[in-house]
2 protein chains.
Amino acid sequence: MSKYISLTEDEKDTILSLDIFRSVKKGTILLKRGQKSRDEYFVLKGCIRKYYITDGEEKTTAFFTEMEGLTPHCAINNTPSEYFVSCVEDTILTVAHIDIGVELFIKFPKLQLMCKVLSNELLAKQQLNFDEFKIASPEERYLNLLQNRPDLIQRVPQHQLASFLGMIPQSLSRLRARIMEKSKE
Amino acid sequence: MSKYISLTEDEKDTILSLDIFRSVKKGTILLKRGQKSRDEYFVLKGCIRKYYITDGEEKTTAFFTEMEGLTPHCAINNTPSEYFVSCVEDTILTVAHIDIGVELFIKFPKLQLMCKVLSNELLAKQQLNFDEFKIASPEERYLNLLQNRPDLIQRVPQHQLASFLGMIPQSLSRLRARIMEKSKE
DNA sequence: TAAAATCGTTATCTTAAGATAAGAAAATGA
DNA sequence: TCATTTTCTTATCTTAAGATAACGATTTTA
């Protein structure tokens, strides 16, 4: 964190005293559908994945890697979760009750403005992502991902990428083959 | 606003003194691509639309109706806008410099926690929308919209709805015909 | 009010994605 | 290490979306 903001010793101590750091194995499920949890996650190293299961099919809608945080919908609204969260790789992350975030927020005023600015930026980024997704065709979405998050294509299984891109694994495979063909010419 | 939070006279005066209320005609363009503006919008009555133009084609990615706010990406990052914003209907809205929001935020501490909570909720809603969009087929997206925002289908032109749903107008038209056929049986 | 532009639908053809099946390659685990 | 499971690819068939064109209907505006 000190990469991003400078903290006093007091602040560091407070954060460390919370004992929220976890190291979890690949495949571990952090949150299941129907579960009520008020925890939020922040990835320090590794990758976690958010997915739905409909008709027995996994539908991946987001990945979170280094320095990205996931505050599940269920933690905000205090309702059972609609989706699952699991680890794509061995992952080190913080797991903290959502109110701890609010406590920190109250204790350290200088975090407050940062929070507004950050959450605005996050919201804006989220919206741009959504816009891009809507505007692009499946093939363009894959090419965009290749541009913007080449790491994901390396570290995440194809079938999870596929549903993240809004298609089935076979279509992604075919699409990749088609692109390879084109680039040969 | 007093529908949502109770305000003191002081607070009301401050807000009214800002003189940010605007009444704009249908079709008015509030923001153009390339323009640098630091204004954010909040719709009191009517409907505004956010859209891109690529290869001369309009691509609508969002609508904002009563009690919904749009803080453009360009206002947050202070960069030229990538997209356009225009009025779908005659609309009454507030137009305010983004810093005014921050000023209010600083002046009235009780807005601060609300802001964190609200922006978290907004972010969560945004993410759920995105998830839904990714998971659903074009036809399912239309049926979802019919469920969740039936007003939009009434008040917005078909071709704008189409790109909002990620397809061309002819496909939406065909899809609607297909649904009508099915429901007849 | 008349001409022009915009809008929604329908039809045909083309292209690509979904469904299903099957086989090869890689990873996992006992 | 070897068997099992998972993952990725390829192929065929079906279905639906994109491209293009054309035609009224509606709206705009000159």
Side-chain angles (χ1 to χ4, degrees), chain A residues 25-29 47 49 51 53-60 63 84 86-90 133-146 152-182 184-185, chain B residues 25-29 47 49 51 53-60 63 84 86-90 133-146 152-182 184-185:
Chain A
K25 279 254 164 263
K26 176 176 176 175
T28 307
I29 294 179
C47 178
R49 171 174 76 103
Y51 59 102
I53 298 185
T54 55
D55 317 312
E57 293 272 299
E58 284 188 8
K59 307 264 191 174
T60 300
F63 296 102
F84 296 76
S86 81
C87 298
V88 174
E89 310 168 343
D90 292 353
F133 191 92
K134 271 189 179 173
I135 287 174
S137 67
E139 183 167 331
E140 289 167 332
R141 292 202 283 264
Y142 175 75
L143 291 172
N144 284 344
L145 194 67
L146 207 57
L152 275 188
I153 293 177
Q154 297 308 319
R155 68 205 289 189
V156 164
Q158 295 288 322
H159 66 282
Q160 291 175 10
L161 267 187
S163 71
F164 178 64
L165 291 169
M167 64 185 100
I168 63 176
Q170 292 90 329
S171 295
L172 177 55
S173 192
R174 176 168 44 192
L175 182 155
R176 280 157 61 97
R178 201 164 58 226
I179 290 172
M180 290 290 280
E181 268 314 301
K182 276 186 200 162
K184 249 190 238 167
E185 290 163 18
Chain B
K25 279 254 164 263
K26 175 176 176 175
T28 307
I29 294 179
C47 178
R49 171 174 76 104
Y51 60 102
I53 298 184
T54 55
D55 316 312
E57 293 272 299
E58 285 188 8
K59 308 263 191 174
T60 300
F63 296 101
F84 296 76
S86 81
C87 298
V88 174
E89 310 168 345
D90 292 352
F133 191 91
K134 271 190 178 171
I135 287 175
S137 68
E139 183 167 331
E140 287 167 332
R141 292 204 282 264
Y142 175 75
L143 292 172
N144 284 344
L145 195 68
L146 207 57
L152 276 189
I153 294 177
Q154 297 308 317
R155 67 205 290 190
V156 165
Q158 293 289 320
H159 67 282
Q160 292 175 9
L161 265 186
S163 69
F164 177 65
L165 291 168
M167 65 185 100
I168 62 177
Q170 292 88 329
S171 295
L172 176 56
S173 194
R174 176 168 46 191
L175 182 155
R176 281 157 61 96
R178 202 164 59 224
I179 290 171
M180 290 290 279
E181 267 315 301
K182 276 187 201 162
K184 249 190 234 166
E185 289 162 18

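Chain letters run A, B, ... following the sequence lines, proteins first and then strands; every chain starts at 1. Quick caveat: nothing in here was measured; it's all calculated off a predicted structure.
- Between Lys26(A) and Asp90(A) there is no salt bridge, since none of the side-chain N atoms of the basic residue sits less than 4.0 Å from a carboxylate O of the acidic one.
- A rotation axis mapping the C1' atoms of four pairs onto the next four is fitted at both ends of the helix from dT1(C)-dA30(D) to dA30(C)-dT1(D) over five pairs, and the angle between these axes is 60° to 10 degrees.
- Distance CD1/Ile153(A) to CG/Leu165(A): 7.5 Å, rounded to 0.5 Å.
- Between dA19(D), dA17(C), dT20(D), one nucleotide has an atom nearer to the side chain of Arg174(B) than all others, and that is dA19(D).
- Residue Ser173(B) places at least one side-chain N or O closer than 4.0 Å to OP1 or OP2 of dT9(C).
- Relative to the side chain of Ala177(A), the nucleotides dT10(D), dC8(D), dA16(D) differ in distance, and dT10(D) lies closest.
- Taking the six-membered ring where tryptophan is involved, the planes of Phe164(B) and Phe63(B) are perpendicular, since the angle between them exceeds 60° and thus also 30°.
- Arg141(A) places none of its side-chain heavy atoms less than 4.5 Å from the side chain of Leu145(A).
- Between His159(A) and dC8(D) there is a side-chain polar atom (N or O) within less than 4.0 angstrom of OP1 or OP2.
- Residue whose closest nucleotide on DNA chain C sits further toward the 5' end, between Glu139(A) and Lys26(A): Glu139(A).
- In this structure the side chain of Tyr142(B) reaches within 4.5 angstrom of the side chain of Ile179(B), judged on heavy atoms.
- Between Arg49(A) and Glu89(A) no salt bridge is recorded (no basic side-chain N to carboxylate O distance below 4.0 Å).
- Distance from the side chain of Gln170(A) is smallest for dA21(C) among the nucleotides dA17(D), dC8(D), dA21(C).
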